[in-house]
Amino acid sequence: MKSFEEVFLGRRSVRQYADTPVALEMKRSILEAALRAPTAGNMMLYSIIEVDDPTVKDRLAVTCDNQPFIAQAPWVLVFLADYQRTMDCFTFAGAGASSGAAPAERPREADLLLACCDALIAAQTAVIAAEAHGLGSCYIGDIMENWETHRDLLRLPRWTFPVTMLCLGWPTDGQARRPQPSRFPHRVVVHRNTYRNVTQPDIEEMYGSPGDGRSTAEELRALYERKFVSGFAVEMRRSVATMLENWS
Ligand SMILES: Cc1cc2nc3c(=O)[nH]c(=O)nc-3n(C[C@H](O)[C@H](O)[C@H](O)COP(=O)(O)O)c2cc1C
């Protein structure tokens, strides 16, 4: 097992994996840790889909913004915000229904957000547990895109939403040695009592000196194009808006 420093301060996302498979015992141990994560009201408003069908992985590698390493990952986990199981249990019990029908009330946006919290906390617990075992991982946020396709591919019922996906596997030597990306200084992230907007010096420190001769403003304009208005961002907004229409 790795030390605290190795697990939390030495971690980096891993996108290339050695051929070695992940042992069943290790998978069990990581999933056990994930299922022990805090969960709102102890309701466990999430589900995890293990994807081991190569054709499904190949499809996800395309539908999640064309990221071929998804298909190469030895272990792929989709984390669903899941109110379906709870609603099924309520229906079984006749909760909130006068004549054995479905409950009169249904999950709203707040319930979805709470379920997303549960799913993400379980996912991050899996990341940390995997890291402790020496296993690398990478989140795939693009699972939120192409909602209709993912719903059909994974046969997702109405009150579920795939909020994130994890690719896991043994890191290649190159990935294990890859430099860690920098982070913002503490003072712009950790506020005291009330919120403080960033100042120009903060912004210079956050985005200045990328080492390619670009000014801070140029760097930020490029980031806007790359992450905020690019194809995947537009598709994610469309996909989530469509899912929300179906949810509400
Ligand atoms: C919610 C979320 C979604 C992410 N989606 C992707 C993704 O689709 N593809 C990818 O290669 N990395 C993805 N990442 C990984 C980030 O790019 C990575 O964490 C970030 O660049 C910092 O690098 P580090 O994890 O090595 O510190 C995602 C991370 C998070 C937390």
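Both counts, for ligands and for their atoms, begin at 1 and track the order of listing.
- Between D202 and R196, at least one side-chain nitrogen of the basic residue sits less than 4.0 Å from a carboxylate oxygen of the acidic one, meeting the salt-bridge criterion.
- Using a cutoff of 4.0 Å between basic side-chain nitrogens and carboxylate oxygens, E25 and R28 are scored as salt-bridged.
- The protein heavy atom nearest to atom 23 (O) of ligand 1 is P181 CG, 3.3 Å.
- A cation-pi geometry, defined here as NZ or CZ lying under 6.0 Å from the six-membered ring centre and within 45° of its normal, does not hold between R221 and Y207.
- In terms of protein heavy atoms, atom 30 (C) of ligand 1 is closest to Y139 CB, 3.6 Å.
- Under 4.0 Å from ligand 1, heavy atoms of S13 appear from its side chain as well as its backbone.
- The backbone N or O of R177 sits nowhere less than 3.5 Å from a side-chain atom of R12 that would complete a donor-acceptor pair.
- Nearest non-hydrogen protein atom to atom 5 (N) of ligand 1 is G141 N, 2.9 Å.
- The heavy atom nearest to atom 15 (C) of ligand 1, considering only R11, R178, R15, is found in R15.
- Any N or O atom pair closer than 3.5 Å counts here, and R12 shares no such pair with ligand 1.
- For ligand 1, the polar-atom distance check against T164 finds no nitrogen or oxygen pair separated by under 3.5 Å.
- Distances below 4.0 Å separate heavy atoms of Q67 from the following atoms of ligand 1: 7 (C), 8 (O), 9 (N), 10 (C), 11 (O).
- Between Y46 and M44 there is a side-chain heavy-atom pair separated by less than 4.5 Å.
- With respect to W159, the ring pair (Phe, Tyr, Trp, His ring centres under 6.0 Å) criterion is satisfied by exactly one of F90, W247, Y83: W247.
- Between M165, Q180, R183, it is R183 that holds the heavy atom closest to atom 27 (O) of ligand 1.
- The aromatic rings of H191 and Y195 lie parallel to each other, their planes meeting at an angle below 30°, with 60° marking the opposite boundary.
- Contact check on E148 versus R151 returns no salt bridge, with no Lys/Arg side-chain nitrogen under 4.0 Å from an Asp/Glu carboxylate oxygen.
- Remark: the T160 side chain and the Q84 side chain contain no N/O donor-acceptor pair separated by less than 3.5 Å.
- Which parts of ligand 1 touch F69 is read off a 4.0 Å heavy-atom cut-off, strictly below it: atoms 11 (O).
- Within a 4.0 Å radius of atom 1 (C) of ligand 1, the protein contributes no heavy atom.
- Less than 4.0 angstrom separates some heavy atom of D142 from each of these atoms of ligand 1: 7 (C), 8 (O).
- Taking distance alone, with nitrogen or oxygen atoms compared against 3.5 Å, C138 stays at or beyond that limit from ligand 1.
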